[in-house]
Amino acid sequence: MSGDPATLRVAVDRSLCLGAGQCAYSAPDIFDQDDDGLVTVLDPAPAAEHLAALHQAEDLCPSGALRVIEAAPGRTP
């Protein structure tokens, strides 16, 4: 299935979250913050069009609480 987009998943470890908000700023369609400022995932299986924003959020997270998981086409991450 060449040309098919990768399947994406977003994983977070809220116990590591510092509430910096870089995820919600970088990818507001995917991440938000709860009343305590901790990350919440709005879309745990986002479309491939969000990949650049997801990687930016992952890179900017000061605590390493975010993980973007990419699977090859036809495979489940």
Side-chain angles (χ1 to χ4, degrees):
M1 287 191 253
S2 181
D4 289 346
T7 301
L8 300 175
R9 294 273 183 224
V10 176
V12 299
D13 184 341
R14 286 174 46 94
S15 70
L16 295 176
C17 182
L18 300 173
Q22 294 302 310
C23 54
Y25 179 76
S26 299
D29 292 335
I30 311 303
F31 302 106
D32 200 356
Q33 291 176 283
D34 65 15
D35 292 339
D36 294 323
L38 300 179
V39 62
T40 60
V41 179
L42 302 174
D43 185 357
E49 68 191 49
H50 297 287
L51 186 59
L54 289 168
H55 280 300
Q56 181 179 22
E58 183 179 38
D59 291 344
L60 292 175
C61 180
S63 66
L66 307 179
R67 204 167 112 216
V68 178
I69 304 161
E70 297 178 63
R75 293 186 174 229
T76 304

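Since the model is a prediction, treat every value here as computed from it, not as a measurement.
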Seminar exercise, completed: Residues G19 and Q33: closest non-hydrogen pair is O-NE2, 3.2 Å
Seminar exercise, completed: Between G37 and C17, the two heavy atoms sitting closest are O-SG, 4.4 Å
For this session: Taking D34 for its side chain and D36 for its backbone only, find out whether a donor-acceptor pair lies under 3.5 Å.
Result: yes
Problem set entry | Exercise: identify the closest heavy-atom pair between L8 and A48 | CD1-CA, 3.7 Å
Problem set entry | Any donor-acceptor N/O pair, E58 side chain to V68 backbone, under 3.5 Å | yes
For this session: State the CG-CG distance between D32 and L38, to the nearest 0.5 angstrom.
Result: 11.5 Å
For this session: For the pair V10 and L54, evaluate side-chain contact (heavy atoms from CB on, under 4.5 Å) and give the outcome as yes or no after the intermediate values.
Result: CA-CA 8 Å; V10 176; L54 289 168; 3.9 Å; yes
For this session: Consider only side-chain heavy atoms of I, L, V, M, F, W and Y, link residues closer than 4.5 Å, and tell whether V41 and L66 are in one cluster.
Result: yes
For this session: May I ask you to decide if P62's main-chain N or O and Q22's side chain share a donor-acceptor pair within less than 3.5 Å?
Result: no
Exercise. So, do D29 and D43 sit near enough that their side-chain heavy atoms are less than 4.5 Å apart?
Worked result: no
Exercise. Is the number of heavy atoms from other residues, nucleotides or ligands within 6.0 Å of CZ (R14) greater than 12?
Worked result: yes
For this session: From the options C23, S26, P46, select the one residue that forms a side chain to side chain contact (heavy atoms under 4.5 Å, CB included) with F31.
Result: C23
Exercise. To the nearest 0.5 Å, how far apart are OG in S63 and CG in L16?
Worked result: 5.5 Å
